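Beneath this line is the structure, given in structure tokens, with notes to follow.
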Amino acid sequence: MTINTGGGFETLAIHAGQDPDAPTGAVVPPIYQVSTYKQDGVGGLRGGYEYSRTANPTRRALEECLTALEGGTRALAFASGMAAEDCLLRATCQPGDHVLIPDDAYGGTYRLMNSVLAGWGISYRAVPISDPAAVRAALAERPARVLWAETPTNPLLNIADIGTLAQLAHEAGALLVVDNTFASPYLQQPLTLGADAVVHSTTKYLGGHSDVVGGALVTADPDLGERCAVLQNSTGAVAGPFDAWLALRGVRTLAARMDRHCANAARVADMLAAHPAVAEVRYPGLPGHPGHEVAAKQMRGFGGMVSFRVRGGEQVAVAVCGRTRLFTLGESLGGVESLIEHPGRMTHASAVGSPLEVAPDLVRLSVGIETAEDLLEDLRQALA
Ligand SMILES: Cc1ncc(COP(=O)(O)O)c(C=O)c1O
């Protein structure tokens with residue numbers, strides 16, 4: 001597919017929002033570790049900065065870069081991905097509104113809807129968003145304010161057709177929000193496919209080095225962006241200057257890292273698919289994956305996440321997670337180092353007993369950018 005940013009993606013990742021610092025010529029945006037700004041007379045702001053909850057130059061550099069990379073009009077950087085999700089949902093929904101979420105959404109998204117926003121009068125329903133007919137039926141049954149999509153999903157790596165969902169949402173008067181954390185804007189740009197807003201956990205591929213927790217939202221419509229900015233400034237879950245700086249440092253190498261993540265994950269998926277201890281591999285790059293064709297249409301590559309089910313049930317899955325040496329047992333994903341986890345007991349434990357509960361024999365890998373052969377060898381010995 002063609003990535004439509006009006007410029008080369010790699011160039012924008014390195015330069016958008018990142019002009020050399022005007023006073024010093026510093027070639028990367030400095031960490032403006034500052035809360036307030038001298039005014040030249042009352043109301044005489046320099047560059048629009050008055051207080052760092054409202055705006056900060058380091059955070060703004062990250063926001064401008066993300067706006068360019070996602071092809072949006074406005075980006076806002078948050079203290080975490082969940083803070084970005086919360087802001088977007090509360091900027092778009094009022095008590096009494098209804099939201100459709102994927103039936104295999106990230107566990108934290110489910111918890112936000114089920115344990116927090118439901119208590120404030122925003123109802124939700126989980127639907128299989130890779131099935132457009134099911135989404136259409138759910139929208140017809142009860143009007144929704146927001147159709148929330150994740151693609152690929154966490155942890156099952158299901159694929160939703162963003163263009164089709166945008167059409168269904170808009171026909172029903174809903175907004176389409178896409179959590180683009182797993183793909184990153186290098187692999188997929190939902191706004192150019194018709195989505196209204198994108199959210200990210202910048203903790204993952206955008207940051208890329210497992211050294212910062214952060215989030216972002218990007219909107220297509222400047223008015224929606226402004227509503228989110230007002231809410232962000234009012235509630236205050238902003239990215240701090242150092243966190244914004246770390247995320248932006250990661251973004252500069254996103255393209256190079258993602259190419260390697262994709263290449264390594266494809267090799268891991270192929271190896272697992274042929275392994276006798278593995279019952280099923282979930283990777284959208286495999287031709288047998290139900291979303292393979294849609295992924296090939298809307299993504300530049302298939303990403304670095306691979307999930308698989310083992311033969312032998314939960315105990316075997318847990319044991320495999322404990323036996324790897326190079327794949328580190330841990331939550332999160334998207335860093336240069338490979339991680340392994342058991343979603344049922346770890347990242348998705350909050351979904352146990354809900355329609356989003358994941359199979360107990362499922363293992364999730366975040367395939368890093370180490371030497372591919374070393375990764376394969378590590379998994380082989382863990383599965384042996
Ligand atoms: C797909 C997805 N969305 C959102 C989040 C939440 O992001 P954060 O942990 O930065 O709050 C995560 C975290 O794992 C995630 O995987």
Side-chain angles (χ1 to χ4, degrees), residues 59 62 66 70 75-90 99 101-117 124 126 129-130 146 148-160 162 177-185 187-188 190 195 197-218 232 235 237-240 243-244 246-247 250-251 261 282 284 299 303-307 328 330-335 339-351 356 358 362 364-367:
R59 191 168 96 227
L62 171 63
L66 293 178
E70 287 286 7
L76 298 167
F78 290 82
S80 71
M82 291 316 304
E85 292 192 20
D86 177 51
C87 179
L88 192 48
L89 282 163
R90 284 194 292 139
V99 177
I101 62 168
D103 64 358
D104 60 344
Y106 166 59
T109 303
Y110 167 73
R111 184 173 51 203
L112 175 65
M113 290 304 316
N114 187 59
S115 306
V116 182
L117 296 177
Y124 76 93
I129 53 143
S130 46
V146 170
W148 189 276
E150 242 181 81
T151 181
T153 56
N154 180 5
L156 293 179
L157 300 160
N158 283 320
I159 299 293
I162 297 171
V177 173
V178 177
D179 184 332
N180 205 24
T181 298
F182 268 37
S184 89
L187 298 184
Q188 166 179 289
V198 159
V199 292
H200 277 285
S201 170
T202 56
T203 316
K204 311 295 170 8
Y205 288 105
L206 288 170
H209 295 78
S210 305
D211 53 11
V212 63
V213 171
L217 65 82
V218 190
Q232 185 194 44
T235 53
V238 295
D243 287 358
L246 280 171
V251 166
H261 281 296
R282 310 279 313 180
M299 299 176 77
M305 298 300 296
V306 179
S307 293
T328 303
E331 302 203 353
S332 200
L333 58 115
L339 298 177
I340 188 167
E341 69 122 359
H342 184 264
R345 292 197 189 177
M346 296 169 66
T347 48
H348 291 65
S350 64
L356 284 79
V358 295
L362 188 78
R364 191 189 77 180
L365 302 175
S366 172
V367 181

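Along the sequence shown, the residues carry numbers beginning at 1. Whatever order the structure lists ligands and atoms in, that order sets their numbers, starting from 1. If you're wondering where the values come from, they're calculated on a predicted model, not measured in any experiment.
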(message) Would you say D104 and T153 are linked by a side-chain donor-acceptor pair, where the criterion is simply a distance under 3.5 Å?
(response) yes
(request) Answer with yes or no whether A105 contacts ligand 1, where contact means a heavy atom under 4.0 Å from a ligand atom. (result) no
(message) Side chains of T109 and E150: any donor to acceptor distance under 3.5 Å?
(response) no
(request) Using a strict cut-off of 4.0 Å, indicate which atoms of ligand 1 neighbour a heavy atom of G214. (result) 10 (O)
(message) Looking at non-hydrogen atoms alone, which of G107, G81, A84 comes nearest to atom 8 (P) of ligand 1?
(response) G81
(request) Supply the atom-to-atom distance W148 CH2 to E85 CD, rounded to the nearest 0.5 angstrom. (result) 4.0 Å
(message) Students should be able to answer this: which protein heavy-atom is nearest to atom 5 (C) of ligand 1, and at what distance?
(response) Y106 CE2, 3.4 Å
(request) Please report which non-hydrogen protein atom sits nearest to atom 16 (O) of ligand 1, along with the residue it belongs to and the distance in Å to one decimal place. (result) N154 ND2, 3.0 Å
(message) For atom 13 (C) of ligand 1, tell me which residue out of M82, E85, K204, E331 has the closest non-hydrogen atom.
(response) K204
(message) Considering non-hydrogen atoms of the protein only, which is the closest contact for atom 2 (C) of ligand 1, and what is the distance?
(response) D179 OD2, 3.4 Å
(request) Measure from atom 7 (O) of ligand 1 to every heavy atom in S201, G215, S366 and give the option owning the shortest one. (result) S201
(message) Under 4.0 Å from a heavy atom of T203: which atoms of ligand 1 are those, numbered in the order shown and with their elements?
(response) 10 (O)
